[in-house]
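Before I ask anything, here is the structure I am working with.
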Amino acid sequence: MQAQSPRIIGAIAAMNKDRIIGLNNAIPWHYSEDFKRFKRVTLNSTIIMGRKTWESLGKKALPKRRNIVISRSKVADIESYTSINEALNQIEADEPIWFIGGGQIYQAALGYCNLLDITTVSDDVETTDAIFFPEIDADIWQAQPSEPLTADPRLSVQRFTRIPTAENH
């Protein structure tokens with residue numbers, strides 16, 4: 001009997017070397033191959049985001065994904081919850097889940113994740129008013145090799161898996 005793979009509960013982000021993921025509530029770069037890859041990875045899954053990320057998407061749900069917004073108050077026209085726990089309790093046990101931003105959601109979500117999918121961009125961005133991805137602790141996360149994105153070698157992709165501990169194993 002084959003062991004069942006753990007359910008994917010991941011965070012997916014694009015960031016630069018300074019861990020910047022956003023600036024003035026927008027992504028400070030545009031790489032079509034990164035957007036295509038994001039779509040491929042997150043299709044047919046649940047994506048969870050904060051209110052500001054939802055607003056940055058034009059308040060439009062991303063197609064072929066269950067879109068959930070975490071906010072202190074109810075958000076019109078989208079499934080929303082006041083906490084990550086509340087949202088996770090509404091999702092089927094085998095359904096893949098991706099946290100897609102922003103900075104506060106990533107910070108709160110890392111404790112729930114078993115996978116980080118990080119695209120690194122080479123862009124330099126002014127750090128004033130920047131939004132950052134949390135630091136990735138090497139004592140918690142096992143880094144896989146970073147590989148250039150074949151379709152756009154300016155980008156590299158690296159995955160991190162949670163290191164099993166006595167508590168989560």
Side-chain angles (χ1 to χ4, degrees), residues 2-15 19-22 25-27 30-121 131-137 140-144 149 151 155 157-165 167-169:
Q2 187 176 349
Q4 188 174 357
S5 299
R7 163 190 187 176
I8 291 175
I9 301 179
I12 185 169
M15 66 182 171
R19 297 188 349 268
I20 293 174
I21 58 171
N25 293 325
I27 298 172
H30 182 91
Y31 292 98
S32 63
E33 289 304 323
D34 178 48
F35 291 125
K36 289 176 189 173
R37 184 177 180 283
F38 172 88
K39 183 178 181 180
R40 274 194 317 274
V41 170
T42 63
L43 271 179
N44 303 311
S45 64
T46 294
I47 55 173
I48 299 177
M49 68 198 93
R51 180 189 50 79
K52 289 180 183 175
T53 298
W54 165 247
E55 290 172 355
S56 78
L57 296 174
K59 299 181 181 180
K60 291 187 178 142
L62 295 178
K64 298 183 181 176
R65 286 157 275 206
R66 180 179 178 184
N67 290 245
I68 294 177
V69 174
I70 305 298
S71 179
R72 286 192 269 293
S73 55
K74 179 80 177 129
V75 179
D77 302 323
I78 189 73
E79 186 176 359
S80 63
Y81 300 96
T82 58
S83 72
I84 290 172
N85 254 348
E86 187 183 2
L88 293 176
N89 287 334
Q90 305 304 315
I91 301 168
E92 295 295 322
D94 60 346
E95 196 172 337
I97 299 167
W98 289 100
F99 292 96
I100 67 166
Q104 291 178 342
I105 291 296
Y106 287 134
Q107 186 68 49
L110 285 189
Y112 297 95
C113 293
N114 55 26
L115 178 66
L116 305 179
D117 186 298
I118 306 297
T119 299
T120 302
V121 303
I131 302 160
F132 295 86
F133 192 85
E135 287 203 39
I136 299 172
D137 185 340
I140 298 173
W141 298 99
Q142 173 70 49
Q144 307 304 313
L149 191 59
L155 308 174
V157 175
Q158 187 170 25
R159 284 190 157 196
F160 298 81
T161 53
R162 182 175 291 280
I163 297 169
T165 63
E167 295 167 0
N168 67 15
H169 196 63

> Does any pair with a residue in residues 42-56 pass salt bridge (charged side-chain N to carboxylate O under 4.0 Å, His left out), and if so which ones, sequence neighbours excluded?
Replying inline: Arg51-Glu55

> Ala11 and Cys113: which non-hydrogen atoms are nearest, and at how many Å?
Replying inline: N-SG, 3.8 Å

> Which pairs with one or both residues in residues 72-83 pass salt bridge (charged side-chain N to carboxylate O under 4.0 Å, His left out), sequence neighbours excluded?
Replying inline: Arg66-Glu79

> Listed by chain and number, what are the ring pair (Phe, Tyr, Trp, His ring centres under 6.0 Å) partners of Phe99, not counting sequence neighbours?
Replying inline: none

>> Side chains of Ile97 and Tyr112, heavy atoms from C-beta outward: is any pair under 4.5 Å?
In response: no

> Atom CD1 in Ile70, atom CD in Gln104: separation rounded to 0.5 Å?
Replying inline: 12.0 Å

> Looking at residues at least two apart in the chain, or sitting in another chain, which of them share a side chain to side chain donor-acceptor pair (under 3.5 Å) with Gln107?
Replying inline: none

Report all side-chain donor-acceptor pairs from residues 35-42 shorter than 3.5 Å, counting only partners two or more places apart or in another chain.
residue, atom, partner, partner atom, Å
Lys36, NZ, Glu33, OE2, 3.2
Arg37, NH1, Asp117, OD1, 2.7
Arg37, NH2, Asp117, OD1, 3.3
Arg37, NH2, Asp117, OD2, 2.9
Thr42, OG1, Phe38, O, 2.8
Thr42, OG1, Arg65, NH1, 2.9

>> Is any side-chain heavy atom of Met49 closer than 4.5 Å to one of Asn67?
In response: yes

> To the nearest 0.5 Å, what is the distance between CD1 (Ile131) and CG (Asn25)?
Replying inline: 5.0 Å

> With Ser56, which residues qualify under side chain to side chain contact (heavy atoms under 4.5 Å, CB included), at least two apart?
Replying inline: Thr53

> What distance do Asn114 atom CG and Ile9 atom CD1 have between them, rounded to the nearest 0.5 Å?
Replying inline: 6.0 Å

>> I need the Asp34 CG to Ile27 CD1 distance, nearest 0.5 Å.
In response: 7.5 Å

> Counting distance only, does the side-chain N/O of Arg7 pair as donor-acceptor with the main-chain N or O of Glu95 below 3.5 Å?
Replying inline: yes

>> Let me confirm one number: the CH2-CG distance from Trp141 to Leu116, rounded to the nearest 0.5 Å.
In response: 4.0 Å

>> Is there a side-chain contact (heavy atoms from CB on, under 4.5 Å) between Leu115 and Arg159? Walk through the geometry before answering.
In response: CA-CA 7 Å; Leu115 178 66; Arg159 284 190 157 196; 3.7 Å; yes

>> Using the side chain to side chain donor-acceptor pair (under 3.5 Å) criterion, which residues pair with Gln144? Sequence neighbours excluded.
In response: Thr161

>> Testing the basics here: between Ser80 and Val75, what is the closest heavy-atom pair and its distance to 0.1 Å?
In response: OG-N, 3.1 Å

> Among all residues two or more places apart in sequence or in another chain, which pass the side chain to side chain contact (heavy atoms under 4.5 Å, CB included) test with Asn89?
Replying inline: none

> Which pair of heavy atoms, one from Ile163 and one from Gln142, lies closest together, and at what distance?
Replying inline: CG1-N, 3.7 Å

> To the nearest 0.5 Å, how far apart are CD1 in Ile48 and CD1 in Ile68?
Replying inline: 5.0 Å

>> The criterion is side chain to side chain donor-acceptor pair (under 3.5 Å); which residues satisfy it with Gln90, sequence neighbours excluded?
In response: none

>> Show the nearest heavy-atom pair for residues Gly102 and Ile21, with the distance to one decimal.
In response: C-CD1, 4.2 Å

> Quick one: does Tyr106's side chain have a donor or acceptor within less than 3.5 Å of a partner on Ile100's backbone?
Replying inline: yes

> Who are the side chain to side chain contact (heavy atoms under 4.5 Å, CB included) partners of Glu135, not counting sequence neighbours?
Replying inline: Arg19

> Hey, does Ile118 have a side-chain heavy atom less than 4.5 Å from the side chain of Met15?
Replying inline: yes

> Can you name the side chain to side chain donor-acceptor pair (under 3.5 Å) partners of Thr82, sequence neighbours left out?
Replying inline: Glu86

>> Does any part of the side chain of Phe160, heavy atoms only, come nearer than 4.5 Å to the side chain of Asp137, both counted from C-beta?
In response: no

